[in-house]
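Accompanying notes for the structure given below.
Note that the coordinates shown come from a computational prediction; the quantities given were computed from them, not determined experimentally. Residue numbers start from 1 in every chain, and the chains themselves are labelled A, B, ... in the order their sequence lines are given, proteins ahead of strands. Note that these values count all heavy atoms, side chains included, but never hydrogens, waters or copies made by symmetry.
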Amino acid sequence: MVSANYQRIWHTVMAVPPGRVATYGQIADLAGLPGRARLVGKALGHAPEHLKVPWFRVLRSDGKIAFPPGSDTACQQIGLLQEEDVAVLNHRVRLKQVQWQPDLATLLQGLPY
DNA sequence: AGGTTGACGAAGT
DNA sequence: CACTTCGCCAACC
C-alpha cells in the first residue's frame, strides 16, 4: 500500500509533456500539496518502473539538476533531456524557455482525483 | 509516539 | 553568480 500523496505526485509528473520541464514546487502545487516540494523528490525516488514516470523532467526551482554534477543519475538525466532537445548548460536548464505551462483543464482530466 | 531525513525553496549575504 | 540559513512536513525509522 503506497501513500495517496505519492500516487498523486506520480500522476502529475506523468502529465509533463516531452520537451518541457517542471520544478519540484510546481508539481507539488499541481498535485494539491502546496509547500511540499521535498515530498515530490521522495515520491519520484519510489516511483514504480511500470508507470514510466518522466522523473527527468523535474528540476529545482532555479532550473538546476537536483543530483550532484558527475553522478550517474545526473548524467542520465542530462542525456534524457537532451534527447528531447532540452538544453542543459552548467547543470542547469533555462526555465524561461522550456518550463511547462500546464493547461489546468486538460491536466485535471488526466489526473485520478 | 518522537526524532530524523531529505531528488526543496526563498531570502539573505 | 555562489554559498548559508532557515522553514518546511510526510514518510520512515
Checklist line | side chain to side chain donor-acceptor pair (under 3.5 Å) pairs, two or more places apart, involving residues 53-82 of chain A | finding: Arg57(A)-Glu84(A)
Notebook entry, point to check: Which pair of non-hydrogen atoms, one from Gly70(A) and one from Cys75(A), has the smallest distance, and what is that distance?
Noted result: O-SG, 3.9 Å
Check: Starting at CD1 of Ile9(A) and ending at P of dC8(B), how long is that distance when rounded to a whole Å?
Finding: 13 Å
Margin query: Please tell me if Ser61(A) has a side-chain N or O lying less than 4.0 Å from either OP1 or OP2 of dA10(B).
Written below: yes
Next item on the list: Scan nucleotides 1-11 of chain C nucleotide by nucleotide, 5' to 3', and note B when protein non-hydrogen atoms come under 4.0 Å of the base, S if they reach only the sugar-phosphate, - if neither.
Entry: SS----BBSBB
Check: Between atom CD in Gln76(A) and atom P in dA7(B), what is the gap in whole Å?
Finding: 16 Å
Note to self: Ignoring hydrogens, what is the shortest heavy-atom contact between Ile27(A) and Ala22(A)? Give both atom names and the distance.
What the structure shows: CD1-CB, 3.8 Å
Item checked: From CG (Leu81(A)) to CD1 (Ile65(A)), nearest 0.5 Å -> 5.5 Å
Next item on the list: Apply the test side chain to side chain contact (heavy atoms under 4.5 Å, CB included) to residues Val2(A) and Trp10(A): give CA-CA distance (whole Å), side-chain angles for both, the deciding distance (0.1 Å), then the verdict.
Entry: CA-CA 11 Å; Val2(A) 286; Trp10(A) 297 334; 4.2 Å; yes
Checklist line | Closest non-hydrogen atom pair, Leu95(A) against Val21(A) | finding: CD2-CG2, 3.8 Å
Check: What integer distance in Å separates Leu59(A):CG from dG9(B):P?
Finding: 10 Å
Notebook entry, point to check: Going by heavy atoms closer than 4.0 Å, what residues in residues 10-18 of chain A are next to DNA chain B?
Noted result: none
Notebook entry, point to check: Between Arg20(A) (side chain) and Gln99(A) (backbone), is there a donor-acceptor pair under 3.5 Å?
Noted result: yes
Note to self: How close do Ala15(A) and Leu107(A) get, counting heavy atoms only, and between which atoms?
What the structure shows: CB-CD1, 3.4 Å
